[in-house]
Amino acid sequence: KIPATEPRTALCDGLTPGSMGYASVAASNKCGYGTFGPFVSTQMDNSVPIAPARPRAVEVGPVHCKLSWMMPYDCGQKITHFWIRYKETATDGRPEHERHNGEAMVVGRKHHCFITPVFSKREYTCIIAAENS
């Protein structure tokens with residue numbers, strides 16, 4: 001048993017950055033739970049945005065690709081832009097230094113962009129990161 005005079009703490013993990021957290025405490029014994037005390041609240045610190053959902057190629061042409069993604073949670077600060085990195089894969093056997101790759105920035109809250117040029121009959125991978133203020 002822990003003496004009633006000793007402070008007790010609880011760690012709440014998995015909370016969403018940028019949101020409010022609320023807690024209330026009640027004691028319990030073999031007879032059940034007592035009355036809950038007053039609520040306390042705290043503002044969770046802001047953090048970097050959650051990663052956007054997997055991008056999709058929604059349009060592919062001979063020299064371009066239109067990418068689209070779901071808007072991620074901003075974790076308490078407005079998203080200001082997205083970074084898109086694309087890279088040609090090794091499916092055609094060419095060495096890495098000969099493969100096409102690049103980076104693009106999308107300003108604002110748009111959740112799509114055109115990547116150009118890309119080359120026909122080549123496979124690309126793409127990653128997207130959101131940045132907030």
Side-chain angles (χ1 to χ4, degrees):
K1 289 187 173 184
I2 300 172
T5 57
E6 286 192 28
R8 292 168 177 80
T9 61
L11 176 64
C12 300
D13 57 2
L15 301 174
T16 304
S19 66
M20 291 293 293
Y22 301 90
S24 182
V25 178
S28 68
N29 61 22
K30 62 183 177 183
C31 295
Y33 285 94
T35 305
F36 278 85
F39 279 94
V40 294
S41 65
T42 187
Q43 174 75 38
M44 302 297 123
D45 287 339
N46 297 326
S47 186
V48 298
I50 292 172
R54 185 176 176 182
R56 296 182 312 125
V58 295
E59 180 183 318
V60 178
V63 293
H64 79 277
C65 175
K66 181 179 181 183
L67 297 174
S68 180
W69 56 90
M70 303 252 333
M71 185 65 71
Y73 178 61
D74 63 15
C75 292
Q77 291 289 336
K78 183 180 174 184
I79 291 174
T80 57
H81 54 281
F82 292 92
W83 290 99
I84 296 93
R85 289 190 181 135
Y86 56 95
K87 183 176 186 177
E88 185 181 344
T89 67
T91 56
D92 63 359
R94 293 180 23 224
E96 185 159 350
H97 71 276
E98 291 180 9
R99 293 185 220 148
H100 181 232
N101 65 73
E103 184 174 88
M105 184 177 77
V106 176
V107 177
R109 294 181 51 83
K110 284 183 4 180
H111 51 94
H112 67 274
C113 73
F114 284 91
I115 302 295
T116 185
V118 291
F119 299 101
S120 296
K121 300 184 185 198
R122 295 186 188 173
E123 180 182 83
Y124 288 83
T125 60
C126 178
I127 57 171
I128 300 176
E131 192 169 322
N132 57 10
S133 50

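Put simply, OG on Ser68 and CZ on Arg54 are 13.5 Å apart, with the number rounded to the nearest 0.5 Å. Going from atom NZ of Lys66 over to atom OG1 of Thr116 covers 14.0 Å, rounded to the nearest 0.5 Å. His100 NE2 to Thr89 OG1: the interatomic distance, rounded to the nearest 0.5 Å, is 13.0 Å. One finds the CD atom of Glu98 at 9.5 Å from the CD atom of Glu88 (value rounded to the nearest 0.5 Å). The structure places OG of Ser133 at 8.0 Å from NZ of Lys78, a figure rounded to the nearest 0.5 Å. Rounding to the nearest 0.5 Å gives a distance of 14.0 Å between SG of Cys12 and OH of Tyr22.
Scanning all heavy atoms of the two residues, the minimum distance from Thr16 to Ser19 falls at O-OG, 2.6 Å. Closest approach of Gln77 to Asp74, counting heavy atoms only: O-CB, 3.0 Å. Nearest heavy-atom pair across Pro62 and Ser120 is O-OG, 2.9 Å. Asn46 approaches Gly18 most closely through the heavy-atom pair OD1-CA, 3.5 Å. Of all heavy-atom pairs between Ser24 and Pro38, the closest is OG-O, 4.0 Å. Of all non-hydrogen atoms in Pro52 and Ala129, the two that sit nearest each other are CD-CA, 4.2 Å.
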Q.
Test side chain to side chain contact (heavy atoms under 4.5 Å, CB included) on Arg99 and Arg122; report intermediate values, then the result.
A. CA-CA 10 Å; Arg99 293 185 220 148; Arg122 295 186 188 173; over 6 Å; no

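Around atom CZ of Arg56, no more than 12 heavy atoms belonging to other residues, nucleotides or ligands sit under 6.0 Å away. The 12-atom threshold is not exceeded at CG of Asp45, counting heavy atoms of other residues, nucleotides or ligands nearer than 6.0 Å.
By the 4.5 Å heavy-atom criterion applied to side chains, Pro49 and Glu131 are not counted as neighbours. In this structure, Glu96 and Lys87 have side chains that are in contact, with non-hydrogen atoms separated by less than 4.5 Å.
Under the rule for a ring pair (Phe, Tyr, Trp, His ring centres under 6.0 Å), Phe36 has no partner lying at least two apart in sequence or in another chain.
Membership of the apolar cluster around Trp69 extends to Leu67, Met71, Ile79, Phe82, Ile84, Tyr86, Val106, Ile115, Val118, Phe119, Tyr124, Ile128, as traced through chained side-chain contacts below 4.5 Å between ILVMFWY residues.
Asn101 places no side-chain N or O within 3.5 Å of a backbone atom of Arg85 that could act as its donor or acceptor partner.
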